[in-house]
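Structure record follows, encoded as structure tokens.
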Amino acid sequence: MSAITHHIPDAILAAYTSGSLPHHYAVAVASHVSLCLQCRASLEAHQNMGGALLDATDRVAVSGHMKADLLAQLDAPVTPEPVYTRQGIYPRPVVEALKGQDPRWKSVGMGVRQSILSETKEGSVRLLYIPPGQAVPDHGHNGMEMTLVLQGSFSDETGHFGVGDIEIANEDLDHTPTADPGEACICLAATDAPLRFNALMPRLLQPFFRI
Ligand SMILES: [Zn+2]
């Protein structure tokens, strides 16, 4: 893997650490952090701040029987949670979102495929497969879009993104991401609002592909 050069902004790491980042973005942040030592170190610094804050917080008494209730629950039967690990190019948070299954690819035209991992009113997270040399049609964003490269690389107006790099695009950016020649580019993309395509054809097709 070449060196990661595009990282998570501090404010987003802080939101992730405090648990206030919506699920779809949290999957992208956790996936980048699992690939990036630099952001993992920053994350730990944020966590230490959270710990210090907890230490400094005034204590509030819990009910008298809370300890007994808690100890009683330890005897309840335990259903083990499935344990997910990295699979090939997919980091653990992605495998978790896939519930251990392989991605279910659906064509969205021009050789581009997607596999939606989760989709709610708040936002969505999906895998994108872009054949080498293929461009995703020029688009803008109604909200924030996070794109993490898992295989291959792509370039757009703002630079070059290789494995582990994350691009954070907002309303101000209109771009045409194009997969570099060589290997197909596989990305994890998290958005909180539909993309804004600038050409008519993708706009017409958009409702069908739920991009
Ligand atoms: Zn990073």
Side-chain angles (χ1 to χ4, degrees), residues 1-53 83-98 103 114-118 122-130 132 136 139-141 143-180 182-193 195:
M1 194 194 298
S2 56
I4 294 174
T5 54
H6 296 88
H7 298 278
I8 315 262
D10 234 18
I12 293 179
L13 264 185
Y16 174 77
T17 312
S18 69
S20 60
L21 205 61
H23 171 76
H24 47 285
Y25 292 141
V27 173
V29 170
S31 299
H32 174 85
V33 168
S34 79
L35 301 170
C36 177
L37 279 178
Q38 186 180 319
C39 285
R40 192 175 312 170
S42 305
L43 177 66
E44 279 169 16
H46 282 289
Q47 286 170 336
N48 287 340
M49 295 247 296
L53 194 65
V83 178
Y84 298 114
T85 55
R86 180 185 177 87
Q87 285 177 19
I89 62 165
Y90 301 114
R92 190 180 62 86
V94 173
V95 177
E96 222 166 68
L98 284 164
Q114 70 170 348
S115 171
I116 296 177
L117 304 185
S118 81
E122 276 200 296
S124 69
V125 58
R126 69 192 66 211
L127 291 165
L128 288 173
Y129 174 102
I130 311 163
V136 173
H139 63 272
H141 309 89
M144 182 166 72
E145 179 186 43
M146 290 186 185
T147 310
L148 171 69
V149 179
L150 300 176
Q151 176 186 292
S153 57
F154 76 85
S155 300
D156 71 6
E157 288 78 347
T158 69
H160 177 260
F161 297 82
V163 171
D165 282 330
I166 190 162
E167 179 178 48
I168 316 270
N170 59 25
E171 285 100 335
D172 303 330
L173 177 70
D174 267 40
H175 66 162
T176 311
T178 306
D180 295 322
E183 221 173 358
C185 181
I186 297 179
C187 297
L188 181 74
T191 49
D192 62 354
L195 301 184

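Counting convention: from 1, in listed order, for ligands and their atoms alike.
- Legend: protein N/O/S atoms lying under 2.8 Å from the Zn ion (ligand 1), waters omitted, number 4.
- Scanning all heavy atoms of the two residues, the minimum distance from V33 to L13 falls at CG2-CD2, 4.2 Å.
- Nearest heavy atom pair, residue V163 against residue I4, reads O-CG1, 3.9 Å.
- E96 and R92 are joined by a salt bridge, as a carboxylate oxygen and a charged side-chain nitrogen come within less than 4.0 angstrom of each other.
- A side-chain donor from one of D180 and H160 sits under 3.5 Å from a side-chain acceptor of the other.
- The minimum heavy-atom distance between L148 and G164, with the atom names listed, is CD1-O, 3.4 Å.
- Between F161 and F154, the two ring planes are parallel [angle under 30°; tilted spans 30° to 60°].
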